[in-house]
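Working notes for the structure below.
Counting convention: from 1, in listed order, for ligands and their atoms alike.
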Amino acid sequence: MPNARVTILVPGRINPRVVERLSEHFEIRAVPHGKELEIAGRRRGGPRLRSWCAAGELDRGAAQLEMIASFGVGYDGVDVAAATRRGVIVSNTPDVLNDEVADTAVALLINTVRQLPQAETWLRQGRWPGEGPYPLSPLSLKGRHVGIHGLGRIGMEIAQRLEPFKVKISYHTRRPRTDVGYGHYASLLELAEAVDTLISIVPKTPETVRSINADVLKALGPNGVLINVGRGTTVDEAVLIAALKDGTIAAAGLDVFENEPQVPQALIDLPNVSLLPHVASASVPTRNAMADLVADNLIAWFKTGRALTPVPETPRKP
Ligand code: NAP
Ligand code: 8YV
């Protein structure tokens, strides 16, 4: 029996399983993206909005708001500072997507160094019989030194998957981990100087935005490969395009972009990139698990007063 006291606002499009699961427990109101605060502000007696909100809006509207359950592990789209000030709980979907995202990162790395998507296109275009085999890939994974930028939940899964590939692994985080034997570098620049392959899997924060800049790419060097599966904002995209054009680095594999879904034509036109449309977690089983965690967080909060996976900054009940 749905809890009529609680209304969950679902702004914009979301995985249908979230709505399916929540409908069993709550009143659901689908609203156009951007209208959620207006509607939440008008309601009395029912908390309960899941949304992405800007600080000012969050402070003015949604007096009844108790919780924002965000779909995804990265929650840079939620103004957590404003939510925290108001005592609003924010939850995300960590861990359930680690394997999928790490698998995609490794696949993207191999696609990038071995040009496998381009080789498949060669076959599909019927060029093999007439023009012969696809040209040898200039790069190989063999013997590479991989630097992982962000050795958190997903970074660790990437590192563990790379071990059987017999590459050397190092990393940069702000705090060294005490549970791994990989070499830690205190700065991203020092890591880039040491390695020839950089995999970025850090959240979007003021510190990480455009942290992969001209200096970092220069340090990575002409044999360098950049893979980004974290957030597009981590890379200065204009600088990356220039570096790929002039040979400052050799190649890049990107699942995320500065202004996605817009991808610069200059990037699409480059032969030495492998591009994916932000699909690292995008399998039915993994997105279902993420949808379940969004729903289970809301159900747990309204039943027990505790979310399952609140983000670290979120206020907690004593
Ligand atoms: P996590 O467990 O919180 O790990 C984040 C890692 O980044 C930690 O090792 C952290 O170490 C490091 N880090 C944070 N700020 C840093 C900084 N300024 N400089 C250097 N290292 C920094 O997060 P996760 O679950 O692995 O997810 C990471 C991110 O991946 C998400 O926030 C999301 O943006 C992105 N993501 C993308 C996709 C996709 O579809 N492409 C899917 C899932 C996740 P320290 O705190 O010690 O610095
Ligand atoms: C999803 C992600 O593409 O979890 C994240 O942080 O970037 C991806 O898993 C996204 O959250 C779905 O909207």
- Query: For the rings on His184 and Tyr171, is their centre-to-centre separation under 6.0 Å?
  - Reply: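 Yes, close enough.
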- Message: Could you check, using the six-membered ring where one of them is a Trp, whether Phe26 and Phe302 have ring centers closer than 6.0 angstrom?
- Response: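 Yes, close enough.
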Distance-only N or O hit between ligand 2 and [X], under 3.5 Å:
{"X": "Met290", "result": "no"}
{"X": "Thr93", "result": "no"}
{"X": "Leu97", "result": "no"}

- Item | Aromatic ring pairing His149/His172, orientation class (parallel under 30°, perpendicular over 60°, tilted between) |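 His149 and His172: parallel rings.
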So is [X] polar-close to ligand 1, meaning N/O to N/O under 3.5 Å?
{"X": "His149", "answer": "no"}
{"X": "Thr208", "answer": "no"}
{"X": "Val279", "answer": "no"}

- Query: Of the backbone atoms (N, CA, C, O) and the side-chain heavy atoms from C-beta on, which set of Lys204 has a member under 4.0 Å from an atom of ligand 2: side chain, backbone, both, or neither?
  - Reply: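 The answer is neither; Lys204 stays 4.0 Å or more away.
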- Task: Tell me which part of Arg287 gets within contact of ligand 2: side chain, backbone, both or neither, using heavy atoms under 4.0 Å.
- Result: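 It is the side chain that touches ligand 2; the backbone stays farther off.
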Distance filter under 4.0 Å to [X] heavy atoms, resulting ligand 2 atoms:
{"X": "Arg231", "value": "2 (C), 5 (C), 6 (O), 7 (O)"}
{"X": "Gly74", "value": "4 (O), 5 (C), 6 (O)"}
{"X": "Gly72", "value": "4 (O), 5 (C), 11 (O)"}
{"X": "Ser281", "value": "1 (C), 3 (O), 8 (C), 9 (O)"}

[X] heavy atoms, cut-off 4.0 Å: which ligand 1 atoms fall inside?
{"X": "Ala280", "result": "39 (C), 40 (O), 41 (N)"}
{"X": "Glu207", "result": "18 (N)"}
{"X": "Leu151", "result": "9 (O)"}
{"X": "Arg231", "result": "33 (C), 34 (O), 35 (C), 36 (N), 37 (C)"}
{"X": "Val229", "result": "36 (N), 37 (C), 38 (C), 39 (C), 41 (N)"}
{"X": "Val256", "result": "41 (N)"}

Have a look at ligand 1 and work out which part of [X], if any, has a heavy atom under 4.0 Å from it: side chain, backbone, both or neither.
{"X": "Leu97", "result": "side chain"}
{"X": "Arg175", "result": "both"}
{"X": "Ile201", "result": "both"}
{"X": "Val101", "result": "side chain"}
{"X": "Val73", "result": "side chain"}

Cut-off 3.5 Å, side chains only: do [X] and [Y] have a donor facing an acceptor?
{"X": "Glu190", "Y": "Ser187", "result": "yes"}
{"X": "Glu100", "Y": "Ser283", "result": "yes"}
{"X": "Thr208", "Y": "Ser211", "result": "no"}

If you take the nearest heavy atom of each of [options], which one is closest to [atom]?
{"atom": "atom 20 (C) of ligand 1", "options": "Arg177, Glu260, His172", "value": "His172"}
{"atom": "atom 39 (C) of ligand 1", "options": "His278, Met156, Met290", "value": "His278"}
{"atom": "atom 27 (O) of ligand 1", "options": "Val311, Ile154, Thr205, Asp255", "value": "Ile154"}

- Nearest-0.5 Å distance, NZ of residue Lys303 to NE2 of residue His25: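 Rounded to the nearest 0.5 Å, the NZ-NE2 separation comes out at 8.0 Å.
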- Nearest-0.5 Å distance, CD of residue Glu237 to CZ of residue Arg210: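 The CZ atom of Arg210 is 8.5 Å from CD of Glu237, to the nearest 0.5 Å.
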- Single hit among Leu109, Val195, Thr197, Leu162 for side chain to side chain contact (heavy atoms under 4.5 Å, CB included) with Val167: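 Going through the options one by one, the only one that passes is Leu162.
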- Would you find more than 12 non-hydrogen atoms of other residues, nucleotides or ligands less than 6.0 Å from Ile268 atom CD1?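 For Ile268, atom CD1 is crowded (more than 12 foreign heavy atoms under 6.0 Å).
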- Message: For the CZ atom on Arg161, are there more than 12 heavy atoms of other groups (residues, nucleotides or ligands in this structure) within a distance under 6.0 Å?
- Response: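 Correct, the count exceeds 12.
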- Message: Between Gln115 and Tyr134, does the side-chain hydrogen bond (donor to acceptor under 3.5 Å, both in side chains) criterion hold? Intermediate values first, please.
- Response: CA-CA 10 Å; Gln115 301 185 341; Tyr134 182 76; 2.8 Å; yes
- Message: Under 4.0 Å, counting heavy atoms only: does Gly230 come that close to any atom of ligand 1?
- Response: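 Gly230: in contact with ligand 1 (<4.0 Å).
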